[in-house]
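Okay, structure first, notes after.
Computation of the quantities below employed the complete heavy-atom set of this structure, encompassing side-chain atoms and omitting hydrogens, waters and symmetry-equivalent molecules. Note that the structure is a prediction, hence the values are computed from the model and not measured.
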Amino acid sequence: MFEQLLNWYTRERRDLPWRRGVDAYGVLVSEIMLQQTRVEVVIPYYQRFMQRFPRVEQLAEASLDEVYEYWAGLGYYRRARNLQAAAQAVVALGGFPTTLEGLRDLPGVGEYTAAAVFSIAFGKPAVALDGNAIRVLSRFFALTGTLTAPRRRDLIARVLPLIPEQQAGDFTQALMELGARLCVPRGARCLVCPLASGCQALAGGLVDSVPAPAPRARREKVDLLALRIRRGDQVLLERREDDPFLAGQWVTPWFADGEGVLDRYVSEFPGTPVRVGQVSHGVTFRDLRIEVWDWETSALDCGPERRWAGPGARLPRLASLVLGL
DNA sequence: CATGCGTGGGA
DNA sequence: TTCCCAAGCAT
């Protein structure tokens, strides 16, 4: 059923560094780096990383600081720590686990990555469900509605027996490559898709509505915020955009007990049409904790799900700026 | 099961 | 400018 897919993949596959006959270690490194990260971004990082740590033993023996150096800029730094821990586990085991469960037990390796390594590195059949594969398969089988955990298991069981013998690795990568290049979220190129003839979503006109978009947590901006930096329970600095006199300045707080500061503030300014919200975002640098507080303005009709969604993603950069790190 | 974790590119 | 989100995982 998926022969056309494999033919397409053989013909169209991109020449990527981790597709040049690398071992299980190379596959693992690439898969970890590729988690939530685009191929084009990963390529140079992968090459530098593999040049410095060509073998699993070298990664296992390296200092964590150096591993971080080579990871710097990639984001999701927990991956770097877990990857080295996984390398150490592999060395301790005397080699890579050869079962799906064994791979799954490595730190940083979840259902997807275990299946990917299992199939790509060892050529054994496994269904690696990443975002691409889920989209491709959901459309192919016209799976409407939310893909819950049990439905995912059903999907895996359904696809597993369809994996061509001796081509498990290619199958895994072909599914993802198709999702990345043709069966894209919007504007799928069905006219040139190798799976078009068997695609149930295409037949039913469901390509644009399947898979169901994940219910995204609704986030709204609020126009009042405070930023607080503390070490343990001690509040070091605070910045309050709502304060008529201190707006935009970094100040030491009135109350250094670390508790009740914002409640006390509101009681100091009883006319202020705000009520205290809660910490909406936080980041930790060594022993320093930076918190973003938000308010819910009483003037606006906002439900309890309302969340601050300002520059939260940029908080680490802001923090390093403020702290001189 | 919902949430947080980084970054850069495109709509 | 703003928002979305891309080869997920751990908690």
Exercise. Tell me: CG of A:Asn132 to C1' of C:dA6, nearest whole Å?
Worked result: 8 Å
Exercise. If you look at every strand shown and take non-hydrogen atoms under 4.0 Å, does A:Val42 touch a base, only sugar-phosphate, or nothing?
Worked result: nothing
Exercise. Counting any heavy atom closer than 4.0 Å, what does A:Leu74 reach on the DNA or RNA strands: base, sugar-phosphate only, or nothing?
Worked result: base
For this session: Give the rounded distance in Å between these two atoms: CG of A:Leu175 and P of C:dA6.
Result: 16 Å
Problem set entry | Closest listed nucleotide, where the reference is the side chain of A:Val39 and the choices are C:dA6, C:dG8, C:dA7 | C:dA7
Exercise. What nucleic acid atoms does A:Gln173 come within less than 4.0 Å of, heavy atoms only: base, sugar-phosphate, or nothing?
Worked result: nothing
Exercise. At under 4.0 Å between heavy atoms, what does A:Ile120 touch on the DNA or RNA strands: base, sugar-phosphate, or nothing?
Worked result: nothing
Exercise. At under 4.0 Å between heavy atoms, what does A:Trp18 touch on the DNA or RNA strands: base, sugar-phosphate, or nothing?
Worked result: base
Exercise. Heavy atoms under 4.0 Å, any strand shown: does A:Arg152 hit a base, just sugar-phosphate, or nothing?
Worked result: nothing
Exercise. A:Gln36 side chain N/O closer than 4.0 Å to the phosphate oxygens (OP1, OP2) of C:dG8?
Worked result: yes
For this session: Starting from P on C:dG8, measure out to CG on A:Leu103 and report it in whole angstrom.
Result: 18 Å
Problem set entry | Residues A:Glu111 and A:Arg152 bridged, charged N to O under 4.0 Å | no
Exercise. For the side chain of A:Arg78 and the base of C:dC9, is some donor closer than 3.5 Å to an acceptor across the two?
Worked result: yes
Exercise. Salt bridge check: are A:Arg14 and A:Glu177 linked by an N-O gap of less than 4.0 Å?
Worked result: yes
Problem set entry | Student check: side-chain heavy atoms of A:Val159 and A:Phe171 closer than 4.5 Å | yes
For this session: Indicate, with a heavy-atom threshold strictly under 4.0 Å, whether A:Gly179 touches base, sugar-phosphate, or nothing.
Result: nothing
For this session: Could you check whether A:Thr113 gets within reach of a base, just the sugar-phosphate, or nothing at all, counting any heavy atom under 4.0 Å?
Result: sugar-phosphate
